[in-house]
Amino acid sequence: MIRYILRRLIWVVVLLFAVSFVTFVIFYLLPSADPAVLRAGRQANPALVASIRHQLGLDQPWYVQYGRYMKDLIFHFDFGFSYQNGMPVRQLIFSRLPASISLAAGAAFLWLVIGIGVGIIAAVRPRTKLDRASMGLALVGISAPVYWLGLVALYLFSSDIGLIPILPGANSYVPLSEDPFSWFTSLIMPWCVLAVSFAAFYSRLLRGNLTEVLGEDYIRTARAKGLSERRVVFRHGLRSAITPIVTIFGLDLGILLGGAILTETVFNIPGIGRLSYSSIVRSDLPVIQGTVLLGAFFIVFANLFVDIFYAFLDPRVRYE
Amino acid sequence: MSALLTVNDLKVSFNTEDGIVHAVEGISYEVEPGKTLGIVGESGSGKTVGTLTIMGLTRAANTQISGQAIFDGEDLLSASERHMRAIRGDEIAMIFQDPLSSLHPFFTIGAQLVEAIQVHNKVSKTAARTRSADLLTMVGLSDAEQRLSSYPHEFSGGMRQRVMIAMALANEPRLLIADEPTTALDVTVQAQILELIADLQAQTGTAMIIITHDLGVVAEVADEIAVMYAGRIVEQASATELFANPQHPYTRGLLDSIPRLDRDRSIGLDPIAGRPPSLIAPPSGCAFHPRCPRAFDRCSVELPPLEAAAAGSEHLVACLLSPEERIEKR
């Protein structure tokens with residue numbers, strides 16, 4: 001097991017190297033704009049642009065630029081400086097991380113509770129109206145794009161433009177450390193909007209898994225022992241049906257921690273997602289690199305964690 | 001001696017999208033304390049559904065059940081679910097066909113045994129664990145204490161079936177239902193498991209219903225044998241009588257399709273032609289007539305009742321052939 005984890009960790013490092021390199025190459029070969037021109041602003045002249053280009057190191061060959069970036073990153077954990085405002089990327093990212101974590105964690109809690117709850121109810125009452133209604137609704141939830149849901153939610157409930165103005169709308173995010181109550185209320189809408197499609201997907205997945213598991217021979221054995229139906233479903237059925245959900249949950253959470261771009265943009269939450277969006281618009285390579293690496297980091301670690309955790313969930317799985 | 005379980009005209013049918021499946025079409029039998037009833041038939045003959053229904057395990061919105069199953073003076077078919085739960089695993093226990101799929105893959109053997117004990121007994125976990133280890137020793141597993149921490153996939157098929165037997169006997173049931181207990185096992189292991197079941201039955205005095213498609217299995221353990229075909233009992237007799245004097249063409253067909261070492265190899269096996277009938281639209285008259293080598297006109301019209309093979313005999317058979325015709329050599 002230890003050897004397995006070590007081997008996987010080495011792969012994580014290799015993978016992150018590859019990700020950084022690919023991001024760099026894409027940016028270098030297909031830049032969305034010239035960062036130096038953008039930085040120079042309205043009064044740009046060739047001399048100013050050239051001096052900015054020199055200042056940012058953009059006049060050097062790509063491999064020199066990449067080598068310098070990687071050297072700083074590896075030896076100093078330094079992600080460089082933003083081309084646009086000169087701020088250290090590390091600081092930019094770390095200041096945005098709490099908002100992304102708040103959004104992802106709250107939404108994850110919501111969708112797990114709703115998704116698992118609805119999935120169980122639908123599975124133990126198959127082909128009833130309740131089952132059909134919840135699964136139909138779930139299909140709508142999966143199909144609705146998150147930016148559309150976000151705008152609808154704002155139109156309905158936000159305190160400024162809403163028809164029923166009961167919740168703080170876009171641009172109302174307050175860090176937890178400043179005011180926990182406002183932090184909570186400002187995130188209610190984003191949490192719900194982000195959780196909808198996940199909850200819908202998880203409920204359908206769990207319903208399918210649990211329905212299948214409840215037809216297994218070992219469930220019949222559990223019933224033949226004289227266990228209560230509650231214990232049969234929750235202990236014997238759910239234990240097997242939830243295992244694949246745990247796997248997917250780890251990956252989904254990992255992806256979201258790297259920034260929920262659409263939700264953060266609709267609600268104007270200053271998280272990693274919006275940072276990466278604005279850095280792409282502004283051709284800000286160091287910030288793009290930083291957010292991409294962070295996202296990749298979360299995803300590969302979520303993957304690793306899920307694989308290790310799986311061995312604890314399913315005793316038949318053993319890693320060599 | 002009065003019967004422990006009396007089944008009267010049990011019928012079970014399921015509504016499915018394809019139509020109504022008549023799984024059990026009115027069967028009656030008795031099991032006496034300490035005795036073994038063998039129920040023999042092909043897959044789909046209703047032998048498993050019948051016993052699962054007695055356990056209350058087929059109850060569902062799309063299931064119709066009628067008849068009686070009197071266990072210890074009360075009808076299990078009309079008992080409340082709550083009461084059935086108290087009986088299941090305690091008074092009546094089951095052993096299933098495939099011990100790998102019948103044990104939960106994510107729980108240790110110990111956890112599953114302890115659970116079976118604790119559902120019906122208010123005992124501490126430690127006490128239940130000690131009892132579990134004793135049970136494993138009883139079914140012939142060494143190092144019982146350590147085995148409790150193992151998972152089912154770490155065991156061989158025979159060991160897993162021993163665990164299932166230990167689990168079924170955990171609460172000293174008065175009736176044990178063994179549904180194809182040896183079918184999923186290697187031939188050499190089959191004999192060991194049958195012997196174990198017979199030994200334990202002798203020790204505990206448990207009555208047993210053993211369900212199988214294999215006449216060889218019932219020959220070894222059963223006192224009484226009921227042969228089922230398409231949801232009905234077609235022949236019923238004591239084991240010795242049934243093997244010595246089979247009456248129904250289906251039973252004779254089953255016996256003829258068993259390979260035997262004492263027979264001339266040039267004769268070859270004589271399998272029953274055709275396939276088991278559909279339970280949604282069963283054949284008219286005697287359900288076996290399309291496959292019966294002895295069928296005549298009346299067979300496709302008239303449903304033969306289960307009657308004494310000869311006046312006063314306890315050997316029952318459901319066949320329209322006359323007693324003389326039935327025992328004629330083909």
Side-chain angles (χ1 to χ4, degrees), chain A residues 1 116 120-132 206 209-247 306-320, chain B residues 17 48 51-52 55-62 81-109 111-121 149-154 160 163-164 167-168 170-171 173 176-177 179 184:
Chain A
M1 188 71 174
I116 292 175
I120 293 173
I121 292 169
V124 298
R125 306 231 181 291
R127 291 187 286 276
T128 57
K129 281 186 183 131
L130 193 65
D131 171 31
R132 296 220 159 102
L206 184 63
N209 287 346
L210 193 54
T211 308
E212 200 181 308
V213 167
L214 288 179
E216 292 281 351
D217 286 351
Y218 55 80
I219 295 297
R220 188 180 58 185
T221 307
R223 291 199 173 113
K225 278 181 186 176
L227 299 180
S228 66
E229 192 59 21
R230 174 188 292 256
R231 196 171 162 91
V232 170
V233 171
F234 281 86
R235 187 174 148 84
H236 290 250
L238 206 53
R239 177 67 179 75
S240 307
I242 211 151
T243 306
I245 302 252
V246 171
T247 318
V306 159
D307 284 350
I308 293 169
F309 194 53
Y310 205 89
F312 288 97
L313 283 176
D314 187 343
R316 291 170 299 183
V317 175
R318 285 285 172 268
Y319 297 119
E320 295 302 314
Chain B
E17 284 172 10
T48 300
T51 45
L52 284 176
M55 292 279 276
L57 290 174
T58 54
R59 293 179 182 188
N62 64 343
E81 174 57 26
R82 195 188 175 80
H83 186 63
M84 284 312 295
R85 275 210 304 272
I87 290 178
R88 281 204 287 268
D90 194 24
E91 303 272 305
I92 307 179
M94 267 190 107
I95 304 171
F96 296 103
Q97 176 172 350
D98 183 350
L100 180 57
S101 62
S102 297
L103 288 165
H104 201 298
F106 293 177
F107 296 125
T108 59
I109 299 299
Q112 299 188 51
L113 280 165
V114 164
E115 187 179 43
I117 294 165
Q118 283 189 321
V119 195
H120 298 289
N121 303 283
S149 318
S150 307
Y151 289 93
H153 70 272
E154 296 168 323
R160 282 193 285 261
V163 172
M164 282 300 291
M167 201 148 81
N171 299 308
L176 181 65
I177 299 174
D179 185 357

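Note that the structure is a prediction, hence the values are computed from the model and not measured. Residue numbers begin at 1 in each chain, while the letters A, B, ... track the order of the sequences.
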Is it the case that the side chain of A:Arg223 and the backbone of B:Leu57 share a donor-acceptor pair, with hydrogens and angles ignored and the cut-off at 3.5 Å? no

What heavy-atom pair brings A:Pro315 and B:Pro105 nearest, and what distance separates the two atoms? CG-O, 3.4 Å

Taking atom CZ of B:Arg59 as the centre, does the number of heavy atoms from other residues, nucleotides or ligands within less than 6.0 Å exceed 12? yes

When the 4.5 angstrom heavy-atom criterion is applied to B:Phe106 and chain A, the contacting part is both

Would you name the heavy atoms of B:Val119 and A:Gly226 that are closest together and state the gap between them? CG1-O, 3.4 Å

Pairwise distance CZ(A:Arg220) to OG1(B:Thr58) - rounded to 0.5 angstrom: 11.5 Å

Using the rule given for side-chain contact (heavy atoms from CB on, under 4.5 Å), can you reason through B:Met164 versus A:Thr221, listing the C-alpha separation, both sets of side-chain angles and the distance that settles it, and then say yes or no? CA-CA 9 Å; B:Met164 282 300 291; A:Thr221 307; 4.0 Å; yes

Starting at NE2 of A:His236, measure out to CD of B:Gln112 and round the result to the nearest 0.5 Å. 7.0 Å

Relative to chain B, which segment of A:Ile219 carries a heavy atom at a distance below 4.5 Å: side chain, backbone, both, or neither? neither

Between atom CG of B:Asp98 and atom OH of A:Tyr218, what is the distance when rounded to the nearest 0.5 Å? 12.5 Å

Interface moiety of B:Leu52 toward chain A, non-hydrogen atoms closer than 4.5 Å: side chain

Contact class of A:Ser228 relative to chain B, heavy atoms under 4.5 angstrom: both

Counting only heavy atoms not in A:Glu229 (residues, nucleotides, ligands), do more than 12 fall under 6.0 Å from its CD? yes

Residue part contacting chain A, namely of B:Ala116, when any heavy atom lies under 4.5 Å: both

For A:Arg231, is it the side chain, the backbone, both or neither that has a heavy atom under 4.5 Å from a heavy atom of chain B? side chain

Please determine whether side-chain contact (heavy atoms from CB on, under 4.5 Å) holds for the pair A:Arg235 and B:Glu115, giving the CA-CA distance in whole Å, both sets of side-chain angles, and the decisive distance to 0.1 Å. CA-CA 11 Å; A:Arg235 187 174 148 84; B:Glu115 187 179 43; 3.2 Å; yes

Using non-hydrogen atoms only, which part of B:His104 is less than 4.5 Å away from chain A: side chain, backbone, both, or neither? both

